[in-house]
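Structure record follows, encoded as structure tokens.
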Amino acid sequence: MNLPFKPVILTTDALIFVLFAVVAISAWYISRHQHLLAPWKKVARSRSGMIAAVILLVFVTVGLLDSLHFRPVLPGDAAVGKANYAVDVMSVFDVIAAPLKRKQEKTYSAPLSAYLFAKETVELPDGSEARVFPRLTYGGAHLKDPATEQTPDIVKRIVAGVAIAALAWNILLLCVTFWLSHRHGHSVRDTWSAIWKGHTEMPWREMLVTNGVVFLVFVPMMVLSAGYHVLGTDKVGQDVFYLTLKSIRTGLVIGTLTTLVMLPFALLLGILAGYLRGWVDDIIQYLYTTLNSIPGVLLIAASVLILQGVIDRHQDWFQTASERADARLFLLCMILGVTSWTGLCRLLRGESLKLRELDYIQAARAFGVSDYRIITRHILPNVMHIVLIAIVMDFSGLILAEAVLSYVGVGVDPTMNSFGTMINSARMEMARDPMVWWSLASAFAFMLLLVLSANLFADAVRDAFDPRIRGRLASPGFLSKYLPATPGR
Amino acid sequence: MIAFLVRRILYAIPILIGVNVLTFLLFFIVNSPDDMARMQLGQKRVSDEAVVKWKQERGYDKPSFFDAQASGIRKITNTIFFEKSVPLFWFDFGRAEADGRDIAHEIRSRMWPSLAIALPVFIVGMLSYITFALLMAFFRATYIDIAGILLCIFAMSVSGLFYIIGGQYVISKLWNLVPISGYVGGLNAWKFLVLPVVIGIVGGVGASARWYRTIFIEEINRDYVRTARAKGLSEWRVLFRHVLHNAMIPILTGAVVAIPLLFLGSLITESFFSIPGLGSYTIDAISQQDFSVVRAMVFLGSVLYIIGLILTDISYTVADPRIRLQ
Amino acid sequence: MSMTPAILQVENLRTWLSGSEGIVHAVDGVSFSVARGETFALLGESGCGKSMTALSIARLLPDAGRISAGTVRLDGQDLLQLPEAAMRDVRGSRIGMIFQEPGTSLNPVMTVGAQIGEVLLQHTALRGSAADARVLELLDAVGLPDPKSRILEYPFQLSGGMKQRVMIAIALACEPRLLIADEPTTALDVTIQAQVLDLLRNLQKKMGMSILLITHDLGVVSEMAHHVAVMYAGEIVETARHDEFFRNPAHPYSRKLFASLPDRQTRDRSLAVIRGRVPSLASEFRGCRFADRCDFAWDLCKNTSPDWSAVESGHGVRCHLFSEKKEVPDAATTAFASGAGLSAACGPMHPETGMPLLAVDDLKVYFPIRKGIFKHVVGHVKAVDGVSLSLRAGRTLALVGESGSGKTTVGKGIVQLLPLAGGSVSLGGVDLATLSGSDLRGRRRDFQIIFQDPYSSLNPRMRVLDIIEEGMIALGVGGDRRARATRVEEIMVQVGLGAEMKYRYPHEFSGGQRQRIAIARALAVEPKLIVCDEPTSALDVSVQAQILNLLRDLQSRLCIAYLFITHNMSVVEYLADEVAVMYLGKIVEQGSADEVLHNPQHAYTKALLSAVPRVEKEAPIASI
């Protein structure tokens with residue numbers, strides 16, 4: 001039997017699935033242990049944290065949908081009995097956003113425009129030639145006379161979008177209210193008024209309003225997308241809205257997998273150095289001082305260039321261009337991870353040094369408990385909150401770093417959609433007059449939304465788990481490696 | 001003190017050797033000299049002779065770590081690693097692969113424009129971040145403080161690239177206040193420096209001011225501050241005389257280590273503003289894949305970092321009477 | 001009360017703290033007044049709101065706190081109505097304050113002279129050399145040796161006692177009429193405490209100031225106070241003149257505090273304990289706040305908050321026993337099961353003739369000092385330098401000493417948590433110092449250790465079951481999982497915890513309960529010797545009594561020997577069979593408890609004993 005598609009699991013996909021599974025299992029485990037749940041309940045009570053979480057959830061959903069990859073079967077050969085699959089790797093998100101992807105124009109067009117942004121010479125019916133802005137192939141193609149019809153049409157679509165958004169939001173509202181009233185055993189009416197008076201333990205009112213705003217913004221955008229390019233098109237005519245949404249996955253992958261890659265190093269070496277001390281500590285300290293002393297960007301740049309060379313010389317390792325681009329993304333995560341584990345490692349070393357002197361570890365040693373068991377049972381569980389805080393705090397820094405690195409040319413593959421590549425290709429158009437601002441603006445706006453919610457969420461997590469850690473972990477050291485000239489570290 | 005300095009300098013040697021081994025492994029083992037030659041000469045259709053010639057000219061035709069054919073000490077010295085690494089220790093960086101210019105000379109002439117941007121950013125930045133943070137600490141737990149924190153979080157969520165592109169667009173293009181980019185030597189340089197310096201300061205405000213605020217708040221909650229208040233001192237006096245001095249200790253650790261690194265400039269700012277500093281030099285080298293320049297910058301960066309670490313320890317003794325170096 | 005009008009009058013003071021569990025009513029309607037030239041002691045256990053009362057008076061509350069009602073009159077002027085700027089003129093000049101931790105209360109990066117001079121700069125016209133001269137005078141007055149050279153020193157160069165003297169100099173620089181001393185000697189060693197208390201008394205005599213003394217220590221109150229107020233759960237429950245209070249404490253809580261003090265008289269009995277725990281100040285109260293823990297409470301106590309009633313003139317109490325004129329029940333109800341010395345658990349072996357269980361000979365623990373370019377070892381800190389001890393099965397040896405004497409290091413050296421520089425530790429005839437690896441592990445079940453801080457001695461991420469079981473697993477005792485679980489339940493009951501608590505995590509327990517868990521963990525491997533490293537010094541006195549009772553009870557049933565490390569003389573008197581006094585890494589005196597405590601030979605032992613503040617318990621108290 002031939003499937004209509006062939007699933008493709010890229011390296012980063014696999015890791016994302018692993019991460020997803022780990023998160024799901026931890027969530028299940030934490031939910032069954034009150035003492036582990038307590039700080040999370042504190043996070044859940046934070047208003048800014050939960051607003052950020054709602055927005056992050058939207059981003060994560062897009063990212064996950066964009067991580068389910070497959071190769072569609074090519075039409076025609078099915079009769080032969082052996083299906084041929086397309087060279088292009090698609091994702092579930094691509095299928096959903098297929099209309100956006102398909103509607104490629106010739107070159108730039110402004111948001112919601114019906115015309116190209118560049119003049120073309122066209123032959124007029126009377127045989128003469130004129131330089132005009134030609135109509136777009138897809139954007140506003142349904143309009144007979146854009147000059148008169150466009151504004152009413154856009155308003156109509158926005159109104160429809162708002163109506164759909166309102167409907168969807170109300171359904172969500174009812175579902176949440178019923179669920180909450182069922183869960184806590186209160187009447188629906190009481191639950192409703194508790195939500196709107198802000199008397200619920202979790203800030204449901206704020207979360208629902210956030211959700212409403214998300215609906216109000218995105219549903220009309222989607223409705224408009226059916227007939228227009230909401231955020232315009234880029235140089236080769238691709239829909240900027242589509243590109244921006246596709247960039248989300250890249251940002252999420254870099255933000256999460258990098259930390260995942262560095263975690264084992266940081267955890268193992270940090271704890272070993274702090275717990276065992278002596279020569280083990282000396283070696284590990286030497287290792288991270290050496291790595292730290294190399295300017296971060298240079299080390300990353302050099303590593304990326306060299307590994308890029310290796311990839312270029314071994315094109316045959318990869319079946320498709322997507323796989324090659326994905327391999328580079330994965331390597332970038334690895335490199336960022338290997339160069340950024342030192343901060344967390346030092347922190348964990350310090351914490352382990354402190355923990356090993358604590359009475360409960362002394363008590364364990366008085367029983368002759370083995371070092372392995374002390375590390376796994378006593379030290380590891382008691383440094384996990386630091387690891388968690390490091391993960392959420394590094395996340396936003398890494399997304400920003402990706403943009404800078406891609407600008408320098410040592411980021412993701414140029415064919416891969418990311419905020420960095422979008423900015424990189426758009427900055428050339430700064431000099432154009434009038435300026436092509438929309439791809440730049442879209443990339444920056446989405447990146448800001450993602451990073452800002454990540455930062456707010458990280459703040460809530462840190463406050464709940466260990467507010468005192470700020471000074472040590474929140475130092476802008478990590479960021480300053482990538483940002484332009486920031487004093488301090 | 002002397003013993004401390006000697007020990008730190010001795011400790012720097014294994015670190016620098018480690019840096020060299022690491023860069024060497026990256027540049028010469030993962031990427032063989034043959035690959036490098038092909039990259040420099042253009043990917044395709046390079047004759048083997050051209051590769052051999054390229055390697056010979058640059059001394060890359062020797063064994064990597066160990067020359068079995070040579071005798072005595074030459075077994076070790078007649079290798080790429082030795083010839084390319086050891087001269088770095090007396091700052092003999094050799095010549096650039098792409099254009100054959102003397103790297104040391106380039107560094108000497110390019111570090112001044114870098115410093116002209118990085119130093120004002122550092123000094124003015126530090127002062128303004130500390131002031132901002134002190135203000136937030138003074139108004140702690142009020143709406144002013146919360147607004148300040150939110151502003152910081154917002155500022156650090158904006159990409160650094162946006163500050164540069166937005167600043168160039170608004171200040172140079174719309175308002176025509178200063179040139180978009182470029183550089184001249186001498187006193188007229190200020191026109192080209194103002195914008196990158198301002199952008200550099202604004203770009204760092206979010207993360208730094210918030211971090212400093214945290215340090216201040218942590219200090220404010222200590223017992224000695226309560227004692228100071230019990231003396232009847234005003235809140236500003238408590239902040240300036242007691243909190244600031246104690247908070248300077250962690251702030252210094254973070255800041256002093258960066259001072260020597262100011263020489264290296266900033267990659268992104270310099271390339272956006274076409275400043276002929278070390279940052280843009282590095283970025284050009286990266287895009288041209290000129291490994292001898294990159295290696296020189298890596299080495300220089302490590303040396304400066306180690307100097308920064310030593311300076312940090314020394315600055316501790318100045319700020320904190322409890323610490324005596326030995 | 002007093003003839004002269006009071007210098008400080010506090011009326012109906014209420015202070016609220018906003019915390020994570022809601023509003024905490026830390027001070028809930030407190031009224032008292034401090035007479036001129038007198039010392040007024042505010043006595044209470046941790047968390048009763050006494051420090052918050054002190055901070056409220058000076059309006060130095062933490063950011064989360066706020067005064068919601070009341071008046072605080074200093075010389076008739078209501079401080080709570082003053083604008084902040086005017087209040088700053090009061091602080092430091094009319095009210096001086098000293099705090100518990102001299103180590104953290106001084107600015108670490110400012111010289112001693114500058115920190116004192118700052119007060120003069122703020123409140124007086126003294127400048128330049130006149131100010132310097134005054135600083136010198138102050139340092140001299142607080143008895144800091146060599147004051148001239150101290151002026152330019154930093155706090156880290158001074159000892160704890162000297163730091164507290166500097167704090168006193170700061171507080172008294174402008175000769176305030178009122179000194180608020182918040183646990184001024186709690187962080188100090190007992191000999192230093194005696195000196196500081198002495199100094200405060202002398203300065204009071206000389207300057208005629210009033211002192212508001214905040215403390216948890218009945219001994220300190222007994223030595224210092226003219227007037228006493230007892231605080232419990234945010235309220236003052238009893239107030240009286242010193243003599244009246246110590247002769248006839250009225251409130252059941254006050255009586256319990258006396259009865260739970262260990263000392264020689266109670267030696268062969270269990271100590272009285274207060275059951276339950278202090279109620280959360282975030283909760284609403286209906287009846288008497290002490291009702292749940294009171295032996296005499298009846299229905300009225302649970303439902304109606306008691307008003308203030310007078311026992312005698314100047315002696316008030318907040319208790320229904322007095323407002324209802326009930327006969328104060330004779331406290332003989334809290335009679336005790338006699339500990340009755342050693343029980344049969346130790347078998348027929350006669351304690352006097354048997355071989356000692358533990359024989360420590362010439363124990364040395366050194367810590368290296370590193371210096372120079374290569375950080376080579378140039379010398380050693382001889383933390384423990386030639387200590388010899390012996391302890392028989394089922395007996396208690398108290399190792400007494402002040403901080404820095406090396407007593408904890410001895411304990412850790414004996415249980416082989418620190419490498420020994422020399423000497424032998426023989427337990428049951430086997431020298432532990434020569435054992436290593438699995439041989440040592442095989443012996444570890446014979447000796448265990450209990451630590452001081454119940455909060456750091458239990459892993460917060462492990463369940464009680466896992467904590468107690470850990471040693472059994474590591475040492476392979478207690479059989480399979482089932483058998484172990486049964487054993488854990490047994491031990492938990494033995495130490496006074498319900499077996500159903502075994503699936504809980506440490507944060508759900510109070511300090512005293514945590515210490516019980518730590519004891520259970522040690523007991524689980526059935527040790528012959530337990531090193532108790534200050535197991536009660538982090539606990540309130542009423543909880544301390546529970547733990548001491550438990551330790552005694554376990555000893556008589558299981559014949560465990562205790563090496564009891566402590567600085568608390570009254571605990572030694574209550575518990576120890578033998579005493580060894582440690583000073584600077586060496587043992588200066590050793591012998592039976594009777595000999596050492598009653599007829600000390602060494603000068604240091606004598607100084608130590610005379611420094612302990614005594615509570616004169618009089619006849620009525622003994623009957624409680």
Side-chain angles (χ1 to χ4, degrees), chain A residues 48 286-287 289-295 297-299 301-303 305-307 309-310 312-313 396 399-400 403-404 407-410 419-420 423 427 430 435 437 440 443-444 447-456 459 468 470-471 474-477 479-480 482-489, chain B residues 14-15 18-19 22-23 26-27 30-31 35 39 117-118 121-122 125-126 129 153-154 156-165 168-169 199-200 203-204 207-208 210-211 214-215 218 250-251 254-255 257-258 261 264-269 282-283 286-287 289 291 294 297-298 301-302 305-306:
Chain A
S48 59
Y286 168 74
L287 205 64
T289 314
T290 304
L291 265 179
N292 237 5
S293 76
I294 303 176
V297 192
L298 281 183
L299 188 58
S303 314
L305 285 181
I306 283 157
L307 289 170
V310 174
D312 286 348
R313 267 176 272 132
S396 51
I399 293 173
L400 293 177
V404 173
Y407 166 77
V408 183
V410 291
F419 294 126
I423 293 168
R427 82 195 157 92
M430 280 262 297
M435 195 175 149
W437 49 270
L440 213 53
F444 278 132
M447 195 157 65
L448 175 67
L449 192 62
L450 176 57
V451 173
L452 186 60
S453 354
N455 274 332
L456 286 173
D459 232 37
R468 293 186 50 79
R470 281 167 192 272
S475 67
L479 278 176
S480 69
Y482 307 105
L483 281 179
T486 41
R489 269 173 50 77
Chain B
I15 289 180
V19 169
L22 197 74
T23 41
L26 262 178
F27 292 157
V30 181
N31 233 23
D35 298 327
M39 234 187 293
I117 292 180
V121 169
F122 179 79
M126 281 286 283
Y129 305 156
I153 295 182
F154 188 84
M156 62 190 264
S157 303
V158 177
S159 168
L161 298 172
F162 178 80
Y163 288 118
I164 297 178
I165 295 174
Q168 280 187 331
Y169 181 74
I199 287 172
S208 302
R210 198 164 74 119
W211 181 41
T214 312
I215 294 173
E218 215 166 83
I251 290 177
V257 76
L261 291 171
L264 289 187
S266 154
L267 301 188
I268 315 296
T269 315
T282 314
I283 229 174
I286 290 172
S287 52
Q289 314 211 341
F291 286 114
V294 174
M297 296 307 291
V298 166
S302 309
Y305 177 76
I306 290 165

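By convention in this document, chain letters (A, B, ...) are assigned in the order of the sequence lines, proteins followed by strands, and residues within each chain are numbered from 1.
For chain B, no part of A/L449 is nearby; none of its heavy atoms comes within less than 4.5 Å. A/Y286 touches chain B through backbone and side chain together, each having a heavy atom under 4.5 Å away. Using a 4.5 Å cut-off between heavy atoms, B/I165 contacts chain A through both its backbone and its side chain. In this structure, the portions of A/L452 lying under 4.5 Å from any heavy atom of chain B include both its backbone and its side chain. In this structure, chain A has a heavy atom under 4.5 Å from the side chain of B/I283, while its backbone stays farther away. Interface residue B/L267: only side-chain heavy atoms are found under 4.5 Å from chain A. With a 4.5 angstrom heavy-atom cutoff, A/I399 does not touch chain B via any of its atoms. For B/L264, the part lying near chain A is the side chain, with the backbone staying farther off; criterion is any non-hydrogen pair under 4.5 Å.
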Side chain to side chain contact (heavy atoms under 4.5 Å, CB included) assessment of B/R210 paired with A/D459: CA-CA 12 Å; B/R210 198 164 74 119; A/D459 232 37; 2.6 Å; yes
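Of all the listed residues (A/L298, A/L450, A/L299), the one sharing the greatest number of non-hydrogen pairs under 4.5 Å with chain B is A/L298.
Here the shortest heavy-atom pairing between B/M156 and A/V451 reads O-CG1, 4.5 Å. Shortest non-hydrogen contact noted between A/T290 and B/I15 is CG2-O, 3.8 Å. B/S159 approaches A/L400 most closely through the heavy-atom pair CA-CD2, 3.6 Å. For the residue pair A/P295 and B/S302, the shortest heavy atom distance occurs at CD-N, 4.2 Å.
Every residue meeting the side-chain contact (heavy atoms from CB on, under 4.5 Å) condition with A/S453, not counting sequence neighbours, appears here in chain and number order: A/A52, A/I55, A/L56. For A/L287, the side-chain contact (heavy atoms from CB on, under 4.5 Å) partners two or more places apart in sequence, or in a different chain, are A/L269, A/W341.
No side-chain heavy atom of B/I306 sits less than 4.5 Å from a side-chain heavy atom of A/T289. Side chains of B/L161 and A/F444 form a contact here, defined as non-hydrogen atoms less than 4.5 Å apart.
To the nearest 0.5 Å, atom CG of residue A/L448 and atom CZ of residue B/F154 are 4.5 Å apart.
Counting non-hydrogen atoms of neighbouring residues, nucleotides and ligands closer than 6.0 angstrom, the CZ atom of B/F162 reaches no more than 12 such neighbours.
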